[in-house]
Amino acid sequence: MKGKIVKGIAGFYYVKTVDGIYVAKARGQFKNSGITPMVGDDVEMQITHVQDREGIIDRVYPRKNSFIRPPISNVDMLAVVVSAYEPKIINYDVLDKFLVMAESKETDIVICMNKLDVADEKDIQEFIDIYKDIYPIYKISGKTGEGIEDLKEILKGRTVAFAGASGVGKSTILKKLKPEAEIETGELSDKTGRGRHTTRHVEIFDIEEGMVYDTPGFTSFDVSVTDEENLAFMFPEMSNYISQCKFDNCRHLKEPGCMVTKAVEEGKISKRRYDSYISQMDSIREKKNY
Ligand code: ZN
């Protein structure tokens with residue numbers, strides 16, 4: 001039977017099938033193959049006990065993509081949440097790291113601006129001017145619910161993960177999207193007798209026809225998601241210029257005949273975004289030399 005892993009706790013996987021949820025373990029021989037099932041995996045499962053809803057996972061279907069922290073797979077879209085007021089005015093550096101990570105995994109990307117009810121109009125506008133031609137931006141308020149219905153529309157039929165620095169209000173948005181999500185978590189935990197409040201874990205919940213990852217959050221970055229040569233391709237607004245640079249191996253730093261730096265000078269590429277590019281290039285080079 002085919003299913004999708006929607007939650008994993010200590011070697012037990014909650015597999016969602018057309019027939020409801022089963023709790024399964026991974027078959028020993030395939031564990032030895034080095035593949036560890038993760039939340040988001042589409043799997044082939046054998047039911048071992050119908051009454052107790054137990055099964056065993058025989059194989060994991062090829063993944064579209066996968067992330068390490070948090071360990072999730074098959075993400076169609078990453079919704080990057082930024083806060084337009086607190087904890088502070090938008091942290092562009094962190095945001096651009098999330099965006100590069102998402103680009104490297106070839107997911108669709110949207111930006112959610114949260115906490116608009118307390119945001120300063122000028123901060124919002126500055127932000128929108130930089131990103132509006134690069135990614136779809138959704139203005140939402142997890143508190144008042146503004147924009148939540150629009151957000152639901154784009155989630156339909158997709159598996160979506162929310163990313164963002166701590167304090168930007170991811171969980172408030174998730175609660176607005178699915179107010180009953182916490183109740184379901186409690187019920188599932190009870191089945192294993194592990195209590196209601198287990199450690200923070202990764203889980204998927206349904207939102208109408210879409211699936212949303214409820215994760216402890218993307219908290220750390222792996223700069224090795226890309227390399228020197230490909231970093232510029234993770235900045236979509238640079239892609240038109242890259243091929244016109246004088247040198248094929250241009251890294252768009254101080255090379256003569258670089259069309260990217262020219263576009264920055266002419267204001268066609270945001271200086272802020274270019275600064276993020278430089279900063280990430282530095283991180284990649286530091287790691288290489290380490
Ligand atoms: Zn260049």
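Note that the structure is a prediction, hence the values are computed from the model and not measured. Whatever order the structure lists them in is the order used to number ligands and atoms, beginning at 1.
Asp42 and Lys2 are not joined by a salt bridge, as no carboxylate oxygen comes within less than 4.0 angstrom of a charged side-chain nitrogen. Comment: Arg272 does not engage Asp96 in a salt bridge, judged by the lack of any side-chain N to carboxylate O separation of less than 4.0 angstrom.
If you run side chain to side chain donor-acceptor pair (under 3.5 Å) between Ser73 and each of Asp41, Asn65, Thr159, only Asp41 comes through.
Cation-pi geometry between Lys25 and Tyr13 is not met: the NZ or CZ atom fails to fall both under 6.0 Å from the ring centre and inside 45° of the normal. Relative to the six-membered ring of Phe67, Lys105 meets both conditions, a distance below 6.0 Å and an angle of at most 45° to the axis.
Residues satisfying the ring pair (Phe, Tyr, Trp, His ring centres under 6.0 Å) test with Tyr213, not counting sequence neighbours, are none.
Protein-derived N/O/S atoms nearer than 2.8 Å to the Zn ion (ligand 1) total 4, waters excluded.
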